[in-house]
Amino acid sequence: MLNYLKAFLVFLIWAIIALTTHYFITSNFSANTNSKEKVSIAKNVTNNYVVTNFNKDPIFSYNKPFIIQKNTPEIININDFTTFFDTIKSYLKNHYKDELLIKGLYSKGEKDSSNFKNLGILRADAIKVYLKKLNINNYQLKTLSEIKNNLFEKNENTSGVILKINKIENKITDSIEQAISNKRIYVDFKDNMLITNKSIESYTALLKQYIKEYPNKTIYITGHTDNDGYYQKNLIIGLNRANLVKNYFKLNGLENAKMITSSKGESEPIADKNTLKGKAANRRIEIKIN
């Protein structure tokens, strides 16, 4: 009986020790958790984030917020938006008259390590820098900021960054269209074939949008060569190259566009005809649209 009582007392002591230990561990964990909650995170608690246009029509959506942390410019989870950023890139590529407004939110009194008071701009710029790495045109990315009181309060229903599609200013659009309708292209040719590059690919994407906007326009494609070889032969080479560019346009969405090809051969150089650098500059395709 005595041994039973001893065993029971030992069990009771260990039980008390275990319960006490559990209490302190749980209390410390709760304290740490509450402390971490004070490291302010602003995020939208809704399940859907919509990017609207200038008419407030939804364009596309994403399913998580851009999470920001107080007094720092970083977007903590920016790498989670790879697919979404590809969607933005595709949209802007096919809408040269639109721009993406990136609005960074910030709270009054916030400062980063360099004491830059408007952290909203820095947060918006973090998104812009990321998008520029995807070769999105700089003129289609615009950053601004907005102060929001109580941004970092618990359960605040807001996102650290707001995105919106907007129309570009007319003067910028006019300059873009002027560049589209007066374009000089450098592209290589081999064995009567056109070798594509990013320059002609990007231009073709813009040209398709431009002709869709102005279907009655005519595209004039002129081939130019260097002065190697005979004058008459260079006229033929220039025309062949202009026709290859025309065929490339047709195969890439401009099959119904009005296109006229011609050649100037070596007759209109724009650089020194006697140097390798000058010859390379003279071998070009000139495009005019009227």
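Expressed to the nearest 0.5 Å, how far CZ of R241 lies from CG of N192 amounts to 10.0 Å. A distance of 8.0 Å separates CG of L141 from NZ of K132, quoted to the nearest 0.5 Å. Note that CD1 of I211 is 8.0 Å distant from OG1 of T218, once rounded to the nearest 0.5 Å. Atom NZ of K103 and atom CD1 of I162 lie 5.5 Å apart (nearest 0.5 Å). Within the model, atoms CG of L254 and CE of M259 stand 5.5 Å from one another, a figure rounded to the nearest 0.5 Å. Considering CD1 of I75 and OH of Y130, their distance stands at 12.5 Å, rounded to 0.5 Å.
Judged by distance alone, with hydrogens and angles left aside, the side-chain atoms of R284 form no donor-acceptor pair with the main-chain N or O of T222 at under 3.5 Å. Formation of a donor-acceptor pair under 3.5 Å by the N182 side chain with backbone atoms of K288 is not found in this model.
Salt-bridge check for E286 with R184: passed, with a basic side-chain N closer than 4.0 Å to an acidic carboxylate O.
The aromatic rings of F84 and F60 sit perpendicular, their planes meeting at an angle over 60°, well past the 30° parallel limit.
Residues D98 and N166 are not in side-chain contact: their nearest non-hydrogen atoms beyond the backbone lie 4.5 Å or more apart. L119 has its side chain out of reach of I68: every pair of non-hydrogen atoms, C-beta onward, lies at least 4.5 Å apart. Using a 4.5 Å heavy-atom cutoff, the side chains of I285 and H224 are not in contact. A heavy-atom distance below 4.5 Å is not found between the side chains of F85 and I136.
For Y96 and Y210, the distance between ring centers is not under 6.0 angstrom.
Residues S145 and N118 have side chains that bring a donor and an acceptor to within less than 3.5 angstrom of each other. Side-chain atoms of N197 and Y186 include no donor-acceptor pair closer than 3.5 Å.
Under the 6.0 Å distance and 45° angle rule, K233 does not count as a cation-pi partner of Y230.
For NZ of K167, the number of neighbouring non-hydrogen atoms (other residues, nucleotides, ligands) closer than 6.0 Å is greater than 12. Around NZ of K97, the count of heavy atoms belonging to other residues, nucleotides or ligands within 6.0 Å exceeds 12. Within 6.0 Å of NZ on K142 lie no more than 12 heavy atoms contributed by other residues, nucleotides or ligands. Other residues, nucleotides and ligands place no more than 12 heavy atoms under 6.0 Å from the NZ atom of K264.
One hydrophobic cluster, built from ILVMFWY side chains closer than 4.5 Å, cannot hold both Y139 and L101; they sit in different ones.
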